[in-house]
Protein chains: 4
Amino acid sequence: MSDPKQRLLETASGLFYRQGYHATGINQVIAEAGVARASLYLHYESKESLLLAFLQQRHTDWMEGLKTFTGKASKPRERILAAFDYLQDNNEREDFRGCAFLNILSETTDQDTAILRVIQDHKKDVRAFLADILTKEKQLVQDHVYLLFESAIVESQLYRNQWPVQEAKKVVGGLL
Amino acid sequence: MSDPKQRLLETASGLFYRQGYHATGINQVIAEAGVARASLYLHYESKESLLLAFLQQRHTDWMEGLKTFTGKASKPRERILAAFDYLQDNNEREDFRGCAFLNILSETTDQDTAILRVIQDHKKDVRAFLADILTKEKQLVQDHVYLLFESAIVESQLYRNQWPVQEAKKVVGGLL
Amino acid sequence: MSDPKQRLLETASGLFYRQGYHATGINQVIAEAGVARASLYLHYESKESLLLAFLQQRHTDWMEGLKTFTGKASKPRERILAAFDYLQDNNEREDFRGCAFLNILSETTDQDTAILRVIQDHKKDVRAFLADILTKEKQLVQDHVYLLFESAIVESQLYRNQWPVQEAKKVVGGLL
Amino acid sequence: MSDPKQRLLETASGLFYRQGYHATGINQVIAEAGVARASLYLHYESKESLLLAFLQQRHTDWMEGLKTFTGKASKPRERILAAFDYLQDNNEREDFRGCAFLNILSETTDQDTAILRVIQDHKKDVRAFLADILTKEKQLVQDHVYLLFESAIVESQLYRNQWPVQEAKKVVGGLL
DNA sequence: GATGAATGAGTCTTCATTCAT
DNA sequence: GATGAATGAAGACTCATTCAT
């Protein structure tokens, strides 16, 4: 809590996630983190590197949460359904702000290669994670589930409502 | 081409779509539109109202494109598949920038009620449009198709690749 | 009421008086007057000339009011005291905004000769008016009354209170 | 001289006093102070807070000057008359720009509570200062002197002339 | 006489970053 | 390791004025 670097990351993470990257200014970050302006540049070489740190940390945390939720079951079908429960849980805890990576993606152009890679890597991991649970299924089914998983996230953010998660879960339940 | 208001809208639309809303400054808009600063505020009362105009125009245009594509077929199944062709066509024409509405959604908080409404209304229209084609299907199937349609857009933006559209289309083809 | 020139003058007068000259923009004037922007420049060659028109009109109206109030009495002493009643009446009607001329004077530099002259002429008229009532008094007494009259205006604006008028009136009452 | 914060305050003070608050732009302030635009906002959170700083500083300086002048005499009557000499001295040194507080008052509406308070507090202090010298006099006499003191300031600004100070001083001299 | 469109220069304020201490 | 001061560029927006219709 009193480590400036960590405090900066946590503050920036919350702001980047809730307000977006460009809508968040350095001033707000340092003010809310209670850190001197120059200290930010002591620990992170630029605003963008702070963004990268956020995404990397978020990746770790999010995957951990996913594993925790899916770890409660053992059969593939139940584990996949538990993944949708994770989404529902996220929506409640984070007020339907959706996927941090897809949100940043929207603010990203092809020039931002470093950021783009982190985002894509995250999603590849998610896709691989689901596919790993569904090794017995054909790839088309694996993709099918992944695509429904993704739209469950996006659409519940859009409507500020859990119905897309619930519908997607229902569909997937019928599928497997 | 020489109507300043139209030129402003077209320029801003391109920039908002390609770079995002917050990453686009008024200066860039007026410079590329070749219009005086104050002229922007003569036609649009604020940057946000320019964004709203963009989204409204985009809604009209995009739905029209969707109707054109789906209008080429008559049977529900073929019309739905044609909708996915539309996505593929968009990706090529617009360089995988994805959905203008979902991109802006990422930069939007709950405070931005007017913007949020336009975005949600657009998606409700899309959902209703697809459901209308699938009136003979159960609602779960309708939602199923809608969710795959949405993730096809998002995921092809993410990977800068058409595979999500193609996979989604294949899945839907098997479904109907 | 429907004469644009008159409407412009009345609107600008209110705004200049209540908000000050520099704090009042052309936009607000034309918006509240319900007149096209260019129409303003049809009737007044500049914002400054609108200000001049305001001051001239105000001079006429204000002196008329002063004459009305003082006209109710006939003896010099009573007429002077009535002048102070006029100030109190103004304060109530105009919410303690003080003297329009002195207020504009504060926003005026030595370069603004035309404006400065109108302001000084107004005050010279006021001074002469009071002196005319007090022709039997020495000049020092005349000035004395004038100075108290002026500070009654300024100080009641400052404190948003009638006490300076009342005190000044009491002093003058004892004097004459 | 090389402290930017002080230089900003001095520059702004001069401009606010000579030109008025609204007529003075941030650009002019930073240009004449030789300071970067953002540096202004490092030291003062807004243009208005710069104005407040000006008024507070001015209050201190002005009262000190008043005390210095009145301190030269010991008898109440002489001290009061010295106060009028202070006004005359101000007029000469500052080219008849009058009272900084009353000038800003003219640009102030009831909404600007912070500014209004500083102005009123200044004048209350002036009034109390004069009253303190005249403790032996009745309150009406104290107010009488205060009102003449105030109009001496205002009217000499108006006419760009010392006569109002001299006349007021003469009157007060006869009074005490 | 009246107007909507257009503008260059200006408004106040914040941006992300660097530097001397 | 930490910081307050400093900055050039940019942010969104408004100014008073003119011109073609």
Side-chain angles (χ1 to χ4, degrees), chain A residues 2-5 8 21-31 34-51, chain B residues 2-5 7-8 21-31 33-51, chain C residues 2-5 8 21-31 34-51, chain D residues 2-5 7-8 21-31 33-51:
Chain A
S2 66
D3 175 29
K5 181 165 187 177
L8 279 167
Y21 176 68
H22 284 103
T24 300
I26 282 304
N27 282 352
Q28 199 184 0
V29 174
I30 60 169
V35 164
R37 198 197 275 339
S39 297
L40 189 155
Y41 289 91
L42 186 66
H43 297 295
Y44 300 93
E45 73 173 350
S46 68
K47 189 189 176 189
E48 185 180 321
S49 86
L50 190 51
L51 173 61
Chain B
S2 68
D3 175 28
K5 180 164 186 177
R7 227 161 54 232
L8 279 167
Y21 176 69
H22 285 104
T24 300
I26 279 310
N27 284 350
Q28 200 183 0
V29 174
I30 60 168
V35 163
R37 202 187 309 286
S39 297
L40 190 157
Y41 291 92
L42 182 63
H43 297 294
Y44 300 94
E45 71 174 353
S46 66
K47 190 190 176 189
E48 183 179 323
S49 88
L50 190 51
L51 172 62
Chain C
S2 67
D3 174 28
K5 182 165 186 175
L8 279 167
Y21 176 67
H22 285 104
T24 300
I26 283 304
N27 283 351
Q28 198 183 0
V29 175
I30 60 169
V35 164
R37 197 196 274 352
S39 297
L40 189 154
Y41 290 91
L42 187 65
H43 297 294
Y44 300 93
E45 72 173 352
S46 67
K47 188 189 175 188
E48 184 179 323
S49 86
L50 190 51
L51 172 62
Chain D
S2 67
D3 175 28
K5 181 164 186 177
R7 226 161 53 233
L8 279 167
Y21 176 68
H22 285 104
T24 300
I26 278 311
N27 283 350
Q28 200 183 1
V29 174
I30 60 167
V35 163
R37 202 187 305 287
S39 296
L40 190 157
Y41 290 93
L42 181 65
H43 298 293
Y44 300 94
E45 72 175 353
S46 67
K47 189 189 177 188
E48 184 180 322
S49 87
L50 190 50
L51 172 62

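Order of the sequence lines fixes the chain letters, A, B, ..., with proteins taken first and strands second; residue numbering starts at 1 for each chain. Everything quoted here is computed from the prediction, not taken from an experiment.
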Leu42(C) CG to dT3(E) P: how many Å, rounded? 9 Å
Using whole Å, report how far OH of Tyr44(B) lies from P of dA6(E). 11 Å
Base-contact (B) and sugar-phosphate-only (S) positions in nucleotides 14-21 of chain E, heavy-atom cut-off under 4.0 Å, - elsewhere: BBSBBB--
Annotated structure of DNA chain F as dot-bracket, pair cut-off 3.5 Å, Watson-Crick or G-U only, | for inter-strand, is .||||||||||||||||||||
Test: side-chain hydrogen bond (donor to acceptor under 3.5 Å, both in side chains). Region: residues 35-46 of chain D. Which pairs qualify, not counting sequence neighbours? Asn27(D)-Arg37(D)
Could you walk me through whether His22(D) and Tyr21(C) satisfy the side-chain contact (heavy atoms from CB on, under 4.5 Å) test, starting with their C-alpha distance in whole Å, then the side-chain angles of each, then the deciding distance to 0.1 Å, before giving a yes or no? CA-CA 9 Å; His22(D) 285 104; Tyr21(C) 176 67; over 6 Å; no
So, is Ser39(A) near the phosphate of dT3(F), with a side-chain N or O under 4.0 Å from OP1 or OP2? yes
If the cut-off is 4.0 Å, is His43(B) near the phosphate of dG4(E), judged by side-chain N/O to OP1 or OP2?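 Negative; the distance criterion is not met.
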Heavy-atom pair with the smallest gap, counting every atom of Ile30(B) and Ala36(B): CG2-O, 4.3 Å
How close do Val35(B) and Arg7(B) get, heavy atom to heavy atom, and via which atoms? CG2-NH2, 3.4 Å
To the nearest 0.5 angstrom, please state how far the CG atom of Leu50(B) sits from the NZ atom of Lys5(B).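 Nearest 0.5 Å value for the CG-NZ distance: 10.0 Å.
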Interatomic distance, CG@Leu40(D) vs CD1@Ile26(D), rounded to 0.5 Å, equals 4.5 Å
